[in-house]
Amino acid sequence: MNFKYFREIDRLGRVVIPMDIRKSLSINAGDILEIMSDEKGITLQKAENKCVFCNSTDELTEFEGKFVCAACVNKLSR
């Protein structure tokens, strides 16, 4: 399903993603979005894999169906 909305960016640079879009893409509060840009514009994409402890999406290792980042693995091993 395609949607087209216009939203104003507030003074802190925030923009609200309309509920219809969030529901159709299963985006919920606390989810991490990957933000990419090029000369044509900005793309937002739900980041599926994130650390269960700190929500980082960098250097993830899967453990029993959950993802843990290298920094948290390092902290846990101490």
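Reckoned from all heavy atoms, side chains included, excluding hydrogens, waters and symmetry mates.
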CE of Met19: more than 12 outside heavy atoms within 6.0 angstrom? no
Exercise. Given side chains that start at C-beta, do those of Tyr5 and Ile17 come closer than 4.5 Å, heavy atoms only?
Worked result: no
Query - Trace of the side chain to side chain contact (heavy atoms under 4.5 Å, CB included) decision for Thr57 with Asn49 - result: CA-CA 6 Å; Thr57 57; Asn49 300 330; over 6 Å; no
* What do you reckon, is CD of Glu62 surrounded by more than 12 foreign heavy atoms closer than 6.0 Å? -> yes
message = Membership question, hydrophobic clusters at under 4.5 Å side-chain separation (ILVMFWY): are Ile9 and Ile35 in the same one?
response = no
Using a 4.5 Å side-chain heavy-atom cut-off and chaining through intermediate ILVMFWY residues, the residues clustered with Phe53 come out as Val52, Val68, Val73, Leu76
d(Asn2 CG, Lys4 NZ) to nearest 0.5 Å is 11.0 Å
- Could you check if a side-chain atom of Lys46 sits within less than 4.5 angstrom of a side-chain atom of Asp31, using non-hydrogen atoms only? yes
Correct closest heavy-atom pair for Cys69 and Asp58 would be CB-O, 3.4 Å
Nearest heavy-atom contact between Lys50 and Leu60 is N-CD1, 3.8 Å
Would you say Asp38's side chain and Gly41's backbone share a donor-acceptor pair under 3.5 angstrom? yes
### Query
Do Leu25 and Phe3 belong to the same hydrophobic cluster, where Ile, Leu, Val, Met, Phe, Trp and Tyr are linked whenever their side-chain heavy atoms lie under 4.5 Å apart, directly or via other members?
yes
Are more than 12 heavy atoms from other residues, nucleotides or ligands located less than 6.0 Å from atom CZ of Phe63?
no
message: If hydrophobic clusters are built from ILVMFWY residues whose side chains come within less than 4.5 Å, do Ile21 and Leu44 share one?
response: yes
